*Asks:* 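Here you go, one structure.
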Amino acid sequence: MFICPGALIDDRITWETLDALSAKATFNNKGTTISAILYFNEKGQLINFVSKDRYSVSEMKAFPFSTPASNYQEVNGYRLPNYGEAIWHYPDGDFVYGKFRSLM
């Protein structure tokens, strides 16, 4: 979502508005379908991406996965998140396996 936002207009992605601050994106490629819910704040900034289609390699089982983003800052005229995380939501607790900060 952040690295290549131009890909979000791909014809294989369908969009469904869920409410004023969230939308569901569904990607279909040759019979394989995955989806995620995108959450936005009141400013229209993406604050979380939640998918239940990610598989844990060690268990070969799907668990919810999220990528919350925050601390938006202006860079070259664009408002971009300066912080993000990658989180697996396992039944026994969350596992944050990535924390990202921009060098802006």
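Note that the structure is a prediction, hence the values are computed from the model and not measured.
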*Asks:* How far does CG of N82 sit from CD of E74, to the nearest 0.5 angstrom?
*Replies:* 13.5 Å
*Asks:* Rounded at 0.5 Å granularity, tell me how far CD in Q73 sits from OG in S102.
*Replies:* 7.5 Å
*Asks:* As an exercise, state the distance from NZ of K24 to OG1 of T17, rounded to the nearest 0.5 Å.
*Replies:* 13.0 Å
*Asks:* With no hydrogens and no angle check, do the side chains of E85 and Y83 hold a donor and an acceptor under 3.5 Å apart?
*Replies:* yes
*Asks:* Side chains of P68 and I87: closer than 4.5 Å at any heavy-atom pair?
*Replies:* yes
*Asks:* Measure the shortest side-chain to side-chain distance between L21 and Y39 over non-hydrogen atoms and say whether it is less than 4.5 angstrom.
*Replies:* no
*Asks:* Check side-chain hydrogen bond (donor to acceptor under 3.5 Å, both in side chains) between D19 and all other residues, then give those that pass, not counting sequence neighbours.
*Replies:* S22
*Asks:* Show me the donor-acceptor pairs within less than 3.5 Å that the side chains of residues 90-99 make with the rest of the protein, sequence neighbours left out.
*Replies:*
residue	atom	partner	partner atom	Å
D94	OD1	H89	ND1	2.8
D94	OD2	H89	ND1	3.4

*Asks:* Side-chain polar contacts of residues 29-38 - donor-acceptor pairs under 3.5 angstrom, sequence neighbours left out - could you list them?
*Replies:*
residue	atom	partner	partner atom	Å
N29	OD1	R12	NH1	3.1
T33	OG1	N28	ND2	3.3

*Asks:* Report the distance from atom CG of D53 to atom CZ of F65, rounding to the nearest 0.5 Å.
*Replies:* 12.0 Å
*Asks:* Which distance, rounded to the nearest 0.5 Å, do you find between the OG of S70 and the CG of L46?
*Replies:* 11.0 Å
*Asks:* Tell me whether F100 shares a hydrophobic cluster with I47, the cluster being built from Ile, Leu, Val, Met, Phe, Trp, Tyr side chains joined at under 4.5 Å.
*Replies:* no
